[in-house]
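This report refers to the structure that appears directly beneath it.
When a ligand or atom number is given, it counts from 1 through the structure's own listing order. Since the structure is predicted, the reported quantities are computational estimates derived from the model, not experimental observations. No hydrogens, no waters, no symmetry mates; every other heavy atom, side chains included, goes into these values.
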Amino acid sequence: MMVGSALRQVTRACFYLLSKASHISRGHQHQAWGSRPAASELAAQAAPGHVVELLGKSYPQDDHTNLTQKVLSRVGRNLHNQQHHPLWLIKERVKEHFYKQYVGRFGTPLFSVYDDLSPVVTTWQNFDSLLIPAHHPSRKKGDNYYLNRTHMLRAHTSAHQWDLLHAGLDAFLVVGDVYRRDQIDSQHYPVFHQLEAVRLFSKHELFAGIKDGESLQLFEQSSRSAHKQETHTMEAMKLVEFDLKQTLTRLVRHLFGDGLEIRWVDCYFPFTHPSFEMEINFHGEWLEVLGCGVMEQQLVNSAGAQDRIGWAFGLGLERLAMILYDIPDIRLFWSEDERFLKQFHVSDINQKVKFQPLSKYPAVINDISFWLPSENYAENDFYDLVRTIGGDLVEKVDLIDKFEHPKTHKTSHCYRITYRHMERTLSQREVGQVHQAVQEAVVQLLGVEGRF
Ligand code: PHE
């Protein structure tokens, strides 16, 4: 009973705060809240045998379902396809750059562009196809949005690599919205956009003009010694790595101008080796903007391109746009405020945009403390819940105090929630109502003991 009324309250709060109609139909509004058993029981109880309906398809709920109203309301917005939106603008500039720089044999663009693939993918596409092991931490329910055990909102555009390779493509870009459960601050939002690129090379392309014909035996089983084969593969990988870094350096110089300082940092992805991150220097601070690497041969082979070797990269569009235009808060990308959007209405996509930040309206800060339940408390469940109830009024949530009671050994968390509207001044009264809804919901849905 109590749980039911809390859910209704939350659902009401969401509908009140969401500016756009949700994509789940009425009667299917009840969603699980995360990984706590109580929360999933709740979903099952509220919706026996129910389904999540998304983009015209139905997905039966199960113990993995953890989508929130808030996130569902973002699916299908496709900011990257909205003309003159800053994310669209960057996509168009990258596309144009690739079209011009990389021309195929018949004068046609080498790279094909996919910006309309459904964000609903299978866990196989998002993880297994990329050689991500069965129990890899990146699969955690706490970090992803699952529709159910087999389907999820893609956590990266790499989820499409295998299918497009399997379809026989050698060079492509994928642009799309990606979804990750995360902390809340001006740089993080549960939905953001990535641009992925993949390029495969044949042995002929790789060694054309560089090596003697001998090296063309690269991947072939020949009588050559294993050692020699290995050396050739290493050489090929070096050439691919060189091409990758050159491609990316040209791209960011095209976007940011020649003065830009960049550096490469070694890193690890299960689907590339070697792997790198590119960082760019922004006002003296090094910021990571993309991940990339030479594709694991096992992946390329399994997709049916045994005779090829290639590179892949995935870059974060919001990150790039925030640096390029000095956009201070990631929530602005979702704003429908003309004062924001009209600044990107340029007639030529390469025209320089001088972004004028909107004046900041004052923040209203409210703290919340509670004793954690003895088990199954996940911070991301709390962040999702605050996001769902507070919507875009929530600028950030900071864990400001942790405390363990010396006798009971119970742990208390205190979070500071900063509420701010991008387009007007909020009153404490208005925020108070939202904050109270948060307090009630955490008690009922996350099983904490309030210290309000
Ligand atoms: N998919 C990776 C991420 O989201 C980025 C990446 C793409 C890395 C392609 C390597 C190759 O972090």
Look at the aromatic rings of [X] and [Y] and report parallel, tilted or perpendicular, splitting at 30° and 60°.
X	Y	answer
F127	Y146	tilted
H413	Y415	perpendicular
H193	W334	tilted
H97	H254	parallel
F111	F98	perpendicular

Distance to 0.1 Å, residue and atom name: give those for the protein heavy atom nearest to [atom].
atom	value
atom 9 (C) of ligand 1	E196 OE2, 3.4 Å
atom 5 (C) of ligand 1	G291 O, 4.1 Å
atom 1 (N) of ligand 1	S158 OG, 2.8 Å
atom 12 (O) of ligand 1	F269 CE2, 3.8 Å
atom 11 (C) of ligand 1	A312 O, 3.5 Å

Could you say whether the N/O atoms of Q161 and ligand 1 ever approach to under 3.5 Å?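 Such a contact does not occur with ligand 1.
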Give yes if a backbone or side-chain nitrogen or oxygen of T272 is under 3.5 Å from a nitrogen or oxygen of ligand 1, and no if not.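 No, since none of the N or O atoms of T272 sits under 3.5 Å from an N or O of ligand 1.
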Does [X] come within less than 4.0 Å of ligand 1, judged by its heavy atoms?
X	result
W311	no
M295	no
R154	no

Heavy-atom contacts with G314 under 4.0 Å: which atoms of ligand 1 show up? List them by number with element.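 Close to G314: 6 (C), 7 (C), 9 (C).
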Using a strict 4.0 Å cut-off to heavy atoms of C292, name the atoms of ligand 1 that fall inside it.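 Heavy-atom distances to C292 below 4.0 Å select 8 (C), 10 (C), 11 (C).
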Verify whether one side chain among S158 and E196 offers a donor that lies under 3.5 Å from an acceptor in the other.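 Yes.
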Please check if atom NE2 in H166 has more than 12 non-hydrogen atoms from other residues, nucleotides or ligands closer than 6.0 Å.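 No, because the 6.0 Å sphere around NE2 of H166 holds 12 heavy atoms or fewer from other groups.
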Crowded around F242 CZ? As in, over 12 foreign heavy atoms under 6.0 Å?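 No - once you tally the heavy atoms of other residues, nucleotides and ligands closer than 6.0 Å, there are 12 at most.
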Side chain, backbone, both or neither: which applies to F313 and ligand 1 if a contact is any heavy-atom pair less than 4.0 Å apart?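 The answer is the backbone of F313.
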Below 4.0 Å, non-hydrogen atoms only: which portion of E296 touches ligand 1? Side chain, backbone, both or neither.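 It is neither; nothing of E296 touches ligand 1.
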Side chain to side chain donor-acceptor pair (under 3.5 Å) partner of R154, the single match among N126, D177, T122: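 Single pass found, and it is D177.
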Candidate with minimal heavy-atom separation from atom 3 (C) of ligand 1, of H273, R180, E288: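 The nearest heavy atom belongs to R180.
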Tell me whether R420 is salt-bridged to D329, with the criterion being a basic N under 4.0 Å from an acidic carboxylate O.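 No.
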